[in-house]
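To keep things clear, I will list the structure first and then write my remarks on it.
Order of listing sets the numbers, starting from 1, for every ligand and every atom in it. Along the sequence shown, residues carry numbers from 1.
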Amino acid sequence: MFHTVSAQYRANDEGFFGDFGGAPLPPHLVDPIAEVATQYQEAVTDPEFINQLHTLFSAYVGRPSLLYFAANLTQELDGAKIYLKREDLNHTGAHKINHCLGEALLAKRMGKKTLIAETGAGQHGVALATAAALVGLGCEIHMGAIDIEKQHANVRRMEILGAHVVAVEEGGRSLKEAVDSAFGVYAAAPEDYFFAIGSVVGPHPYPSMVRDFQSVVGKEAKAQILQAEGRLPDYLIASVGGGSNALGLFTAFLDDETVNIQGVEPAGEGLDSQRHAATMSLGAPGMLHGMHTKVLQEEDGSPSPVHSIASGLDYPGVGPQHAHLESLGRVEYVSVTDEETINAFLKLSRTEGIIPALESSHALAQVIKLAPTLPKDAIIIANLSGRGDKDTDFVAEWLEDHDRKL
Ligand SMILES: *Cc1c(COP(=O)(O)O)cnc(C)c1O
């Protein structure tokens, strides 16, 4: 079974985390999504389903992922001990394979033919196309045209894996529009498709289901840090786009009150600019993509255009559980700028020989700020949610545009 937490951190039967969550959907989607919730409930109590998933985690993904003590970075920052949860070492290079395998197994169990989803950085698309190939399902991925240009290698990978990639040309041609587009196709034929959402967002049961599939990350990290240090960490740090890698790490520690938890959002070019995606810092309660959550929105309630150098964080909403965890004061949400992120990307590459994803580099930028302020016996675990090979050309161009050299 997945890690269970005390009731205050769980959704109720309608999928509400306090005031946030639920499943506010157009009438024609209510039944298909309710069916996913029912089938998921059955699946998680079926030992065979859980066994299948855990077998794939170990035999296919390569779990448990390492918890790596970053000795060089620790020494350079001269503060707390820094551990990295190495989700970048998973097959396909990020944490997303964890929930994609779970969703693919559930879709198969429900007798669906095709997985359909949106993708931002292309990481969710690649992970889902991978899971579809392995489990034996079709795969249709909707992706903003701008992201297709930025992440061309990932588009090729999806196509090689047998997925059909649909370019979305509407609006800002990014993640938000890709979600709308994929939802539209699904709504027309929910009996054929399983909607495989790429984060802890969307209508109930997705925020709880994706979190459950990801909770293996924190469960492992807890056992690993107890083995290495004989005690719990003082801080957990993870980047927050929709919030799945963050809840993956956080869930097993939510009831451990001595553990401080921070989620890191993209401040982009600054919180006072129009170019950021800091939903927790600057958003307000609203409705987006079938959930009540915090949303960056215009005066008329429509979602704001957002920016981040990490296309996986480029989203005007956030998983409803994060909005709830903030309201409970259990998790603190901070933000870092594009520039701080690029600097963190380079620092980890050069001190540890590990190239992190730009998404994960947001968490590392916060580590770089926090670690020197803590005593040397303090322990930080940061989630290295993915590898940065996909971002190398972009970083080189960014540096050139800012008159800096590699
Ligand atoms: C997609 C992605 C993220 C952001 O998504 P969350 O649901 O917030 O985790 C972070 N890191 C990597 C490597 C990603 O691919």
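At a heavy-atom cutoff of 4.0 Å, ligand 1 is contacted by the side chain of Leu313 but not by its backbone. Residue Lys96 touches ligand 1 through its side chain alone, judged by heavy-atom distances below 4.0 Å. Of all the heavy atoms of His95, the ones lying under 4.0 Å from any atom of ligand 1 belong exclusively to the side chain.
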**OP:** Could you give me the CA-CA distance, side-chain angles and deciding distance for Tyr315 and His289, then say whether ring pair (Phe, Tyr, Trp, His ring centres under 6.0 Å) is met?
**Re:** CA-CA 11 Å; Tyr315 185 59; His289 296 141; 5.8 Å; yes
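Aromatic ring centres of Tyr193 and Tyr186 lie farther apart than the 6.0 Å criterion allows. A centroid separation of 6.0 Å or more is found between the aromatic rings of Tyr9 and His3. Taking the six-membered ring for Trp and the full ring otherwise, Tyr83 and Tyr68 have centroids separated by 6.0 Å or more.
Inclusion of Glu359 in the set of residues having an N or O under 3.5 Å from an N or O of ligand 1 is not warranted. Close N/O approach between Gly243 and ligand 1 is found [any backbone or side-chain N/O within under 3.5 Å]. Checked against a 3.5 angstrom limit, the closest N/O atoms of Ser385 and ligand 1 fall inside it. Considering both main-chain and side-chain atoms, Gln123 never comes within under 3.5 Å of ligand 1 through any nitrogen or oxygen pair. Taking only nitrogen or oxygen atoms, main chain and side chain alike, Ala246 does not reach within less than 3.5 Å of ligand 1. Residue Gly198 has no N or O atom closer than 3.5 Å to an N or O atom of ligand 1.
Within ligand 1, counting atoms from 1 as listed, the ones closer than 4.0 Å to a heavy atom of Gly241 are 8 (O). Distances below 4.0 Å separate heavy atoms of Gly386 from the following atoms of ligand 1: 13 (C). Interface atoms of ligand 1 facing Ser199, defined by a heavy-atom separation under 4.0 Å, are 6 (P), 7 (O). For ligand 1, the atoms lying closer than 4.0 Å to a non-hydrogen atom of Ser244 are 6 (P), 7 (O), 8 (O), 9 (O).
Using a 3.5 Å distance cut-off with no hydrogens or angles, the side chains of Ser302 and Asp300 do pair a donor with an acceptor. A donor atom on one side chain and an acceptor atom on the other are not found under 3.5 Å apart for His324 and Glu326. Defined by atom type and a distance below 3.5 Å, a donor-acceptor pair is missing between the side-chain atoms of His124 and Thr119.
Counting only heavy atoms of the protein, atom 4 (C) of ligand 1 lies nearest to Gly312 O, 3.4 Å.
By the 4.0 Å N-to-carboxylate-O rule, Lys222 lies close enough to Asp256 to be salt-bridged with it.
A tilted orientation is assigned to the rings of His54 and Phe2, their planes being inclined by 30° to 60°.
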